[in-house]
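The chains referred to below are lettered A, B, ... by the order of the sequence lines, with proteins before strands, and numbering in each begins at 1. As the structure is a computational prediction, the values presented were derived from the model and not from experiment.
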2 protein chains.
Amino acid sequence: MRISELSRRSGVPIATIKYYIREKLLPAGNPTAHNQADYDERHLRRLRLIRALVSVRGLSVSAASDILAALSENEENTHLALGLVLGAMQAEERKKPPQEGEEVAAGPMAEAERLIDATGWQLHPLSTGRTQLARSLQSMAQVGLHLDWQTLLPYARLAEQTAVLDLDQLSAGGDDRLSLAERAVQVTVLLEPVLMILRRMAQESESFSRYGSPPGEEPPAGARPAAGEEPAAAPGETPGAA
Amino acid sequence: MRISELSRRSGVPIATIKYYIREKLLPAGNPTAHNQADYDERHLRRLRLIRALVSVRGLSVSAASDILAALSENEENTHLALGLVLGAMQAEERKKPPQEGEEVAAGPMAEAERLIDATGWQLHPLSTGRTQLARSLQSMAQVGLHLDWQTLLPYARLAEQTAVLDLDQLSAGGDDRLSLAERAVQVTVLLEPVLMILRRMAQESESFSRYGSPPGEEPPAGARPAAGEEPAAAPGETPGAA
DNA sequence: CCATGATAGACAGTGGAACTCTCCACACGC
DNA sequence: GCGTGTGGAGAGTTCCACTGTCTATCATGG
């Protein structure tokens with residue numbers, strides 16, 4: 001297909017497609033002439049994946065590029081692709097503090113190590129997970145929320161169970177004609193917002209069952225705080241669209 | 001204290017502090033003269049919280065502003081503050097597709113509804129969680145990952161348990177002199193990156209224990225059975241066609 | 001009293017990211 | 001032939017999060 005069809009089918013403007021190609025997020029079409037190239041379904045899928053990474057997950061274009069590159073390297077080896085994708089994501093996180101001044105303090109690092117020990121997780125020695133975790137803990141400590149490994153352990157156990165589900169998902173999805181590597185990206189990266197939404201809803205519900213009134217609902221007597229949510233918020237659709 | 005001290009103690013440049021004040025993220029100092037105002041510990045804590053929201057969690061300044069505003073309205077009522085914060089976060093997510101063209105299709109919406117039914121969660125009728133969930137599911141479906149409510153239910157259960165831990169954290173933290181509302185922000189918003197890091201590490205470990213070689217490592221001998229047999233896969237149902 | 005220096009407040013400017021536009025010479029279909 | 005579509009490349013645009021500059025104070029030390 002030609003670029004205009006790719007654009008029409010993906011909903012992405014031609015100019016943007018060209019931009020993605022320039023930035024190496026999308027491989028160029030197969031050139032058939034000096035000013036003609038054609039694109040196939042793979043381009044379309046890749047393009048949709050890019051949009052999902054960027055708009056659903058909110059990754060930067062360069063981070064998406066890293067992930068996609070990792071994915072291209074290993075279309076057929078899911079396991080390896082998963083590793084590369086995880087590595088690429090970690091790289092993304094690392095882009096925020098590019099200046100090396102921000103050393104991770106010993107305290108948070110030790111806490112992270114102890115947590116990982118306690119879980120018994122097998123991490124690749126080069127994995128940056130420890131450092132990332134330590135960095136996050138440090139940031140939280142700076143705002144006054146000191147989390148120790150005992151507190152985090154139950155969270156880690158739940159993360160563990162989530163990961164089991166994730167890997168099951170990966171294995172189960174063989175029927176699609178998507179490459180497993182692509183599924184790895186979807187399951188590890190794109191599922192994150194979904195999980196966070198689920199957590200927020202669960203928090204709302206849990207808060208309700210503990211304190212009685214749904215959060216955001218008006219308190220028993222007066223003093224409606226005004227900062228709340230607009231009733232007409234969810235624009236357009238009616239939830240009853242079953 | 002004066003602005004220079006606030007800057008020194010927080011590590012945030014004066015110009016940036018002024019910017020935050022202009023943008024209403026930070027309340028202005030208490031003016032003592034036309035060109036003098038003084039700031040207290042509350043300003044310092046708020047400033048650190050802003051930095052955490054923006055750099056740790058990656059929120060936009062305006063989103064952080066919404067959350068902080070919600071928080072200010074209700075310094076003392078944790079429960080209410082939690083609701084407001086959740087609402088503010090949802091508002092943030094909503095900023096991505098400002099154009100109203102993007103209707104949520106009936107399919108994803110129905111799936112979201114069914115999932116929420118299945119969990120038995122008590123959601124505020126105005127909560128945008130459903131819509132957000134549906135929107136995410138729709139995005140994932142567009143890239144070929146069709147998740148039905150049966151598949152999501154175990155994830156939801158884990159989210160539920162996570163939420164229980166979260167609320168425990170909130171209740172337990174009374175010893176700090178931080179307002180409960182601030183803790184609510186920290187626990188709901190700032191913990192997200194930590195949980196995602198835990199999940200990624202757990203995935204790495206789980207992948208290791210299933211496939212033997214740490215992800216990112218190269219497989220022992222060539223041709224690792226890419227898609228062939230999956231050992232512990234428990235494909236109860238295939239989420240493929242819907 | 002006055003020089004010095006730190007403010008507060010307003011507003012313009014900067015740099016990076018993610019597009020979006022404009023050209024151009026060519027190719028394709030009629 | 002000729003008008004539209006195309007690939008490629010670079011310039012331009014928009015938005016955001018700052019950052020710098022300016023002016024009118026005000027605080028203080030000499």
Trainee: When the distance from CD of B:Glu5 to C1' of C:dA8 is rounded to whole Å, what number comes out?
Mentor: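 These atoms are roughly 17 Å apart.
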Trainee: Without decimals, in angstroms, what is the distance between A:Ile50 CD1 and C:dA18 C1'?
Mentor: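 Interatomic distance, CD1 of A:Ile50 to C1' of C:dA18: 13 Å.
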Trainee: Which nucleotide sits closest to the side chain of A:Asn35: C:dT20, D:dG5, D:dT19?
Mentor: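 Between C:dT20, D:dG5, D:dT19, the one nearest the side chain of A:Asn35 would be D:dG5.
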Trainee: Could you write out each protein N or O paired with an N or O of nucleotides 28-30 of chain D at a distance under 3.5 Å?
Mentor:
none

Trainee: If you take all heavy atoms of B:Ile197 and A:Gly129, which pair is closest and at what distance?
Mentor: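 For B:Ile197 and A:Gly129, the tightest heavy-atom pair comes out as CG2-O, 4.0 Å.
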Trainee: Is the number of heavy atoms from other residues, nucleotides or ligands under 6.0 Å of B:Arg2 CZ greater than 12?
Mentor: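 Not more than 12 within 6.0 Å, no.
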Trainee: B:Asp38 has an atom CG; how far is it from atom P of D:dC26, in whole Å?
Mentor: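 Result: 16 Å.
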Trainee: Which whole-number value in Å describes the distance from B:Leu59 CG to D:dA17 C1'?
Mentor: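 For the pair B:Leu59 CG and D:dA17 C1', the rounded distance is 14 Å.
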Trainee: Would you give the length of the straight line joining atom CG of B:Leu26 to atom CG of B:Leu68, rounded to the nearest 0.5 angstrom?
Mentor: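 These two atoms lie 8.5 Å from each other.
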Trainee: Testing the 3.5 Å rule here: is there a donor-acceptor pair between the side chains of A:Gln169 and B:Thr151?
Mentor: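 Not at all, the side chains of A:Gln169 and B:Thr151 share no donor-acceptor pair under 3.5 Å.
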Trainee: Between D:dC18, C:dC19, C:dC28, which nucleotide has the shortest distance from any of its atoms to the side chain of B:Val54?
Mentor: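 Taking heavy atoms from C-beta onward, the closest nucleotide is D:dC18.
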Trainee: Measure the spacing between CD of B:Glu192 and CZ of A:Arg200 and express it to the nearest 0.5 Å.
Mentor: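 These two atoms lie 5.0 Å from each other.
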Trainee: What is the distance, to the nearest angstrom, from the CD atom on B:Gln36 to the C1' atom on C:dG5?
Mentor: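 Nearest whole value for this atom pair: 11 Å.
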Trainee: How long is the line joining CD1 of A:Ile14 and P of D:dG8, in whole Å?
Mentor: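 So the CD1-P distance, A:Ile14 to D:dG8, works out to 13 Å.
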Trainee: Assuming nearest nucleotide by heavy-atom distance, tell me which of B:Arg51 and B:Thr32 is located more 5' along DNA chain D.
Mentor: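 Closer to the 5' end of DNA chain D: B:Arg51.
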Trainee: With a non-hydrogen cut-off below 4.0 angstrom, is B:Ser4 in contact with a base, only sugar-phosphate, or nothing?
Mentor: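 B:Ser4: backbone/sugar contact only, no base atoms under 4.0 Å.
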Trainee: In chain order, what residues pass the side-chain hydrogen bond (donor to acceptor under 3.5 Å, both in side chains) check against A:Asp40, with sequence neighbours excluded?
Mentor: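 Testing A:Asp40 for side-chain hydrogen bond (donor to acceptor under 3.5 Å, both in side chains), a comparison that skips the adjacent residues, returns A:Arg42, A:His43.
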Trainee: What N/O pairs connect the protein and nucleotides 9-11 of chain C at under 3.5 Å? Give each pair on its own line.
Mentor:
unit_1: C:dG9; atom_1: N7; unit_2: B:Lys18; atom_2: NZ; d: 3.3
unit_1: C:dG9; atom_1: O6; unit_2: B:Lys18; atom_2: NZ; d: 3.3
unit_1: C:dC11; atom_1: N4; unit_2: B:Arg22; atom_2: NH1; d: 2.9

Trainee: Side-chain donor-acceptor pair under 3.5 Å between A:Tyr20 and A:Arg51, yes or no?
Mentor: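 Their side chains do contain a donor-acceptor pair, which is all the 3.5 Å distance test asks for.
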Trainee: Can you tell me if A:Thr16 touches the phosphate of C:dT20, counting only side-chain N or O atoms and a distance under 4.0 Å to OP1 or OP2?
Mentor: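 Yes.
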Trainee: B:Ile3 CD1 to D:dT25 P: how many Å, rounded?
Mentor: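 Nearest whole value for this atom pair: 19 Å.
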Trainee: Judged by modelled atom types alone, do A:Glu204 and B:Ser127 share a side-chain donor-acceptor pair under 3.5 Å?
Mentor: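 Per modelled atom types, A:Glu204 and B:Ser127 side chains form a pair under 3.5 Å.
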Trainee: Would you tell me if any nitrogen or oxygen in the side chain of A:Tyr20 comes within less than 4.0 Å of OP1 or OP2 on C:dA18?
Mentor: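 False: A:Tyr20 side-chain N/O out of range (4.0 Å or more) of C:dA18 OP1/OP2.
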Trainee: One thing to verify: whether A:Glu23 and A:Lys18 come together as a salt bridge, which I'm taking to mean a side-chain N less than 4.0 angstrom from a carboxylate O.
Mentor: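 Not counted as a salt bridge, because no side-chain N and carboxylate O are separated by less than 4.0 Å.
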Trainee: Can you measure A:Glu23 atom CD to C:dT20 atom P for me and round it to whole angstrom units?
Mentor: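 Result: 14 Å.
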